[in-house]
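What follows is one structure encoded as structure tokens, with my remarks underneath.
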2 protein chains.
Amino acid sequence: MASITIENYLKQILLLSDELANERVPMGKLAERMQVVPGTATTMVKAMDRSGWLNYIPREGVSLTEEGNQLALKVLRKHRVVEMFLVEALKLDWSEIHQEAEALEHAISDKVLDRMDEYLGRPAYDPHGDPIPTRLGEIKARKLQALSECQKGQTVRIAQIKQQDARFLQFLDRTGLTPGSTIRVLDHDATADLHQLETVPDGRKMHLGGKAAESIWVSPKG
Amino acid sequence: MASITIENYLKQILLLSDELANERVPMGKLAERMQVVPGTATTMVKAMDRSGWLNYIPREGVSLTEEGNQLALKVLRKHRVVEMFLVEALKLDWSEIHQEAEALEHAISDKVLDRMDEYLGRPAYDPHGDPIPTRLGEIKARKLQALSECQKGQTVRIAQIKQQDARFLQFLDRTGLTPGSTIRVLDHDATADLHQLETVPDGRKMHLGGKAAESIWVSPKG
DNA sequence: AACATTATTTTGAATAGTCAAAGTTAATCG
DNA sequence: CGATTAACTTTGACTATTCAAAATAATGTT
Ligand SMILES: [Mn+2]
Ligand SMILES: [Mn+2]
Ligand SMILES: [Mn+2]
Ligand SMILES: [Mn+2]
């Protein structure tokens with residue numbers, strides 16, 4: 001029914017409407033995210049509107065229909081379960097799974113999805129800390145904050161990495177800054193665009209640039 | 001580089017050239033196998049010739065180039081390793097894996113392929129008894145015969161099922177006629193188009209029609 | 001050889017997805 | 001308000017893949 005292209009558009013619209021905290025996604029953002037020229041996004045979106053996946057209002061943007069939302073959630077679920085499976089079952093590197101999942105999310109059946117999910121013990125989060133939509137299409141919302149916004153002295157648990165760049169993820173893996181690990185925020189230096197922290201419990205001290213600290217989201221601990 | 005469609009054409013050309021015992025595959029056979037009208041196959045094949053995947057001689061047919069052959073073998077390898085993985089790791093039913101693998105063979109990277117292969121212990125045959133091309137692109141040839149061609153009284157091991165029909169495979173599973181199991185051929189009745197056999201060692205007797213007996217390939221035992 | 005049959009190719013048209021470039025709209029600024 | 005700009009849409013063109021139907025070639029048959 002839905003082509004791979006349509007599934008990708010749906011998923012990105014879902015993600016963008018979340019990121020923008022707005023149901024309606026403007027065409028510019030969508031085109032940029034899909035890495036196509038704006039005219040392509042317009043053409044595509046008009047076709048998807050005709051097929052009932054979304055509502056398109058010229059010069060306003062798109063919002064998913066119920067069907068569109070359902071399918072977007074399923075694709076996202078497949079993506080994240082597959083990522084988890086690649087790490088847990090096939091021992092792939094944290095940093096390379098996103099690309100793999102980008103293709104696999106369109107190739108696995110609902111049955112395979114469920115078997116993988118079962119094998120993994122129905123995980124709630126993927127290896128990057130992103131929540132996995134449930135079979136019913138629900139996503140848990142958490143109140144997280146960026147590492148860069150934490151108060152000095154706070155001890156926090158890394159919850160989510162908001163970047164898929166392989167090199168960055170490899171760096172985090174090397175330094176132990178992976179979802180689930182605990183750190184303490186030591187200092188912020190706005191002038192130098194630096195954030196100092198130490199790992200817990202081993203107490204290794206390190207610095208991060210502003211961009212990196214904004215990509216690491218944490219939940220308060222204790 | 002190669003689209004999913006091209007990968008599918010390449011794989012079927014490889015399989016057909018094997019089945020027909022002829023490097024050159026005629027357009028009619030290819031179109032039928034790809035489930036497209038003949039004109040479509042002609043168009044496609046001309047484009048694939050231009051891209052160097054095969055050599056096309058009008059009214060003669062196609063033969064794979066070295067590149068085409070390599071890729072066809074890799075796709076076939078992915079297909080069969082994936083089938084094995086779905087059965088062994090995800091406990092999918094023997095009868096449903098072919099469809100799944102038809103999509104997955106285009107979605108997994110070489111790395112994922114190798115991890116699955118490793119996980120499975122580098123199997124030589126897939127769940128249907130089809131040989132899995134090695135990493136170097138070699139396929140073992142075996143001298144098998146159809147069950148329908150066996151001599152009366154012969155004890156044989158089921159090696160390969162030459163049919164992907166889910167209902168037929170489910171039947172074989174139910175009756176224990178799966179690759180690896182042993183049977184003895186009791187009788188052939190050309191008039192009634194029937195073949196009688198018994199399972200070994202439990203000695204369950206049963207009949208098979210001509211078409212079914214032609215789909216089950218065996219190797220002589222002992 | 002002439003005709004019929006079968007296999008294959010060609011032609012014309014359609015759909016999906018894309019880009020480049022030109023045209024529009026709406027918002028912003030002076 | 002009118003000009004400038006940013007965001008967006010439209011138009012025309014292209015590639016990949018497909019079908020239907022007509023044309024052609026090869027093969028077999030009287
Ligand atoms: Mn994708
Ligand atoms: Mn992820
Ligand atoms: Mn396939
Ligand atoms: Mn198989």
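The figures that follow rest on heavy atoms only: side chains count, while hydrogens, waters and symmetry mates do not. Every chain is numbered from 1, with letters handed out A, B, ... down the list of sequences.
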Query raised in the report: Can you tell me if B:Thr65 uses its side chain to pair, donor with acceptor, with the backbone of B:Gly52 under 3.5 Å?
Result: yes
Query raised in the report: With distance as the sole criterion, is a donor-acceptor pair present between the side chains of B:Asp126 and B:His79 under 3.5 Å?
Result: no
**Report entry** B:Pro38 and B:Met27, any side-chain heavy atoms less than 4.5 Å apart
**Finding:** no
**Report entry** Estimated bend of the helix from C:dA1-D:dT30 to C:dG30-D:dC1 (axis per five terminal pairs, rounded to 10 degrees)
**Finding:** 20°
Query raised in the report: Within the structure shown, what part of the strands sits under 4.0 Å from A:Thr43 by heavy-atom distance: base, sugar-phosphate, or nothing?
Result: base
Query raised in the report: Taking only side-chain nitrogens and oxygens of A:Thr5, does any of them come within less than 4.0 Å of OP1 or OP2 of C:dA16?
Result: no
Report task. Round to the nearest Å and state the distance from B:Ile4 atom CD1 to C:dA16 atom C1'. Result -> 14 Å
Query raised in the report: First contact, last contact: which nucleotides of DNA chain D are these for chain A, 5' to 3', heavy-atom distance under 4.0 Å?
Result: D:dA7 to D:dT10
Query raised in the report: Does the pair A:Lys78/A:Asp117 count as a salt bridge with the N-to-O cut at 4.0 Å?
Result: no
Report task. Assign A:Gly39 to base, sugar-phosphate, or nothing according to its heavy-atom contacts below 4.0 angstrom with the strands shown. Result -> base
Requested in this report: Take atom CG of A:Asp49 and atom P of C:dA16, then tell me their distance rounded to the nearest Å.
Outcome: 15 Å
Requested in this report: Please identify each residue that fulfils ring pair (Phe, Tyr, Trp, His ring centres under 6.0 Å) with B:His188, with sequence neighbours left out.
Outcome: B:His195
Requested in this report: Return the residues of residues 56-76 of chain A meeting this criterion: a heavy atom under 4.0 Å from some atom of DNA chain D. Order them by number, or give none.
Outcome: A:Tyr56, A:Pro58, A:Arg59
Report task. State whether the side chain of B:Arg157 and the backbone N or O of B:Ser219 hold a donor-acceptor pair below 3.5 Å, judged by distance alone. Result -> no
Report summary line: In whole angstroms, the gap separating C1' of C:dA16 from CZ of A:Arg50 amounts to 11 Å
Query raised in the report: How many Å lie between NZ on B:Lys29 and C1' on C:dT6, as a whole number?
Result: 13 Å
Report task. Send over the distance from A:Met48 CE to C:dT18 P, rounded to a whole Å. Result -> 11 Å
Report summary line: On a heavy-atom basis, the closest approach of B:Ala41 and B:Val36 is N-CG2, 4.0 Å
Query raised in the report: Just checking B:Val36: base, sugar-phosphate only, or nothing, at a heavy-atom cut-off of under 4.0 Å?
Result: sugar-phosphate
Query - Charged N-O contact under 4.0 Å between B:Arg33 and B:Glu19 - result: yes
Query - All side chain to side chain donor-acceptor pair (under 3.5 Å) counterparts of A:Glu23, not counting sequence neighbours - result: none
Query raised in the report: Does A:Glu105 pair with A:Lys11 as a salt bridge, N-O distance under 4.0 Å?
Result: yes
Report task. With sequence neighbours left out, write down each residue that passes ring pair (Phe, Tyr, Trp, His ring centres under 6.0 Å) with A:Trp94, or none if nothing qualifies. Result -> A:His128
